[in-house]
Amino acid sequence: MSFQHCHRDPLPQPGLTPERMQAQRQLCTACAVCCVFMAGEVVGGYLAHSLAIMTDAAHLLADVGSMMGSLFSLWLSTRPATRTMTFGWHRSETLGALASVVSLWMVTGILLYLAFIRLLHSDYHIEGGAMLLTASIAVCANLLMAFVLHQAGPPHSHGSRGAEYAPLEEGSGESLPLGNTSVRAAFVHVLGDLLQSLGVLIASILIYFKPQYKAADPISTFLFSICALGSTAPTLRDVLRVLMEGTPRSVGFEPVRDTLLSVPGVRATHELHLWSLTFTHYVASAHLAIDSAADPEAVLAEATSRLHSRFGFSSCTLQVEQYQPEMAQCLRCQEPPQA
């Protein structure tokens, strides 16, 4: 019998996987673009006396900080597992995404306050020409960063849209082609900035042709900062789901349970737990109650193979035991209720 448990695959090679190397290249490129255009916006915003432009520059600064944090977390995630960190450092990627969202919310909160002060006191002047030129460049910069960070994926990708589970072909043994968490968070971040940049561009056109409507500067800051906050809500929700060790969004409890029950010899399952270290690193554990005539090794091999091939679990811990009738009344053996 071939090995099907922890010996089914060779040891992972040290360093970044191809998917994470691609994420690293994307983040480095986007970070460089962000730094160049952020410096340009700071100068342009100062010359134009535009809070909206400075707001966009501050958001780019938050982008740089979050991307640097993501690059650090990618490096940290390559460290091997230890006796203290037995799962390794994979979740640092999720913490990096959380830091990205929190940093944007903090910066946006400050800028919303400044926009309110400008609406309350109208003692400011806007240079329409400088604002229009800088806003146009900012839109191009955000479009470029969005193109760099865009991750195309299949319909069953684990994105913020919460796509439904779609099983792989039986026995394919291939992992799910999913996007990197940090790149996904940065992409959503940039989309929020792009939306704000478009709003700033519209406001700059209005101010350029109608200087008396200078209130469009703080108003656009106020409106599009709120939109930027809303764009990060799905990422924050998914990050909290990972940190709370919830069931992965695209893997249902019932499909996994039914898959285990379909293994020949399995009578019942209990203590089934599903969680994830990151959006792409799934973990499962369960007790399998089998018939007395069933081969425990064969059951273990088949159950592990099905979880890997159908759901893409990175780690499966299954305990095989003989079925006892009293398990039906055991409180610990009952399935958890619906949320």
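We count residues from 1, following the sequence as given.
Proximity of Leu149 to Leu27: side-chain heavy atoms (C-beta onward) are separated by under 4.5 Å at one or more points. By the 4.5 Å heavy-atom criterion applied to side chains, Leu201 and Ser136 are counted as neighbours. Contact check for Leu274 versus Pro248: side-chain heavy atoms found under the 4.5 Å cut-off. The shortest distance between side-chain heavy atoms of Thr269 and Val256 does not fall below 4.5 Å. Val200 places a side-chain heavy atom less than 4.5 Å from the side chain of Met131. Inter-residue side-chain proximity for Pro255 and Phe311 is flagged as met; some heavy-atom pair is nearer than 4.5 Å. Under the 4.5 Å side-chain criterion, counting only non-hydrogen atoms from C-beta, Gln322 is in contact with Gln324. Taking the side chain as every heavy atom from C-beta outward, Arg237 and Pro234 approach each other to under 4.5 Å.
Between Tyr113 atom OH and Arg118 atom CZ the span is 13.5 Å, to the nearest 0.5 Å. Taken to the nearest 0.5 Å, the CG atom of Leu98 stands 12.0 Å off from the CZ atom of Arg91. Atom CG of residue Leu277 and atom OG of residue Ser314 lie 8.0 Å apart, to the nearest 0.5 angstrom. Between the OG atom of Ser276 and the CG atom of Asp238 there is a distance of 9.5 Å, given to the nearest 0.5 Å. The line from CG of Leu206 to NZ of Lys214 is 13.5 Å long, rounded to the nearest 0.5 Å. Separating the CE atom in Met145 from the CG atom in Leu194 is a distance of 9.0 Å, to the nearest 0.5 Å.
Hydrophobic cluster of Tyr323: the remaining members, joined at side-chain heavy-atom separations below 4.5 Å, are Met327, listed by chain and number.
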Requested in this report: Could you check Leu191 against Asn142 for side-chain contact (heavy atoms from CB on, under 4.5 Å), going step by step and ending with a plain yes or no?
Outcome: CA-CA 8 Å; Leu191 285 183; Asn142 282 292; over 6 Å; no
Requested in this report: Go through the steps to decide whether Arg267 and Ile290 satisfy the test side-chain contact (heavy atoms from CB on, under 4.5 Å), and finish with yes or no.
Outcome: CA-CA 5 Å; Arg267 291 282 300 276; Ile290 64 174; over 6 Å; no
Report task. Check the pair Leu318 / Ser285 against side-chain contact (heavy atoms from CB on, under 4.5 Å), numbers first and verdict last. Result -> CA-CA 5 Å; Leu318 302 177; Ser285 67; over 6 Å; no
Report task. Go through the steps for Leu119 and Ile219 under the test side-chain contact (heavy atoms from CB on, under 4.5 Å), then give the verdict. Result -> CA-CA 8 Å; Leu119 286 176; Ile219 290 176; 3.7 Å; yes
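The two residues Ala215 and Pro218 come nearest to each other via the heavy atoms O-CD, 3.1 Å. Of all non-hydrogen atoms in Pro296 and Val320, the two that sit nearest each other are CB-CG1, 4.0 Å. Taking each heavy atom of Ala135 and Ser204 in turn, the nearest pair found is CB-OG, 3.8 Å. Listed here is the closest heavy atom pair of Val190 and Ala146: CG1-N, 3.7 Å.
Judged by distance alone, the side chain of Asp291 and the main-chain N or O of Ala293 form no donor-acceptor pair under 3.5 Å. A donor-acceptor distance shorter than 3.5 angstrom exists from the side chain of Arg241 to the backbone of Thr247, with no hydrogens or angles considered. For Ser262 (side chain) and Thr259 (main-chain N/O), a donor-acceptor pair under 3.5 Å exists by modelled atom type. Panel note: side chain His308, backbone Phe313; a donor-acceptor pair is recorded below 3.5 Å. For the pair Ser309 (side chain) and Ser305 (backbone), a donor-acceptor distance under 3.5 Å is present. Between the side chain of Ser220 and the backbone N or O of Asp217, at least one donor-acceptor pair lies under 3.5 Å.
There is no path of hydrophobic side-chain contacts, each under 4.5 Å, that joins Ile126 to Leu132. Phe147 and Val139 fall into different hydrophobic clusters, defined by Ile, Leu, Val, Met, Phe, Trp and Tyr side-chain heavy atoms under 4.5 Å apart, directly or through other members. Cluster membership check: Phe253 shares its hydrophobic cluster with Leu288, using side-chain heavy-atom separations under 4.5 Å among Ile, Leu, Val, Met, Phe, Trp and Tyr. Hydrophobic clustering of Ile, Leu, Val, Met, Phe, Trp and Tyr side chains at less than 4.5 Å, counting indirect connections, unites Val299 with Leu261. Cluster membership check: Met244 does not share its hydrophobic cluster with Val101, using side-chain heavy-atom separations under 4.5 Å among Ile, Leu, Val, Met, Phe, Trp and Tyr.
Counting non-hydrogen atoms of other residues, nucleotides and ligands closer than 6.0 Å to CE of Met85 gives a total above 12.
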Identify every side-chain donor-acceptor pair in residues 30-47 under 3.5 Å, counting partners at least two apart or on other chains, and give the distances.
residue	atom	partner	partner atom	Å
Glu41	OE1	Ala57	N	3.3

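Put simply, the residue from Glu321, Glu335, Gln334, Arg257 that forms a side-chain hydrogen bond (donor to acceptor under 3.5 Å, both in side chains) with His270 is Glu321.
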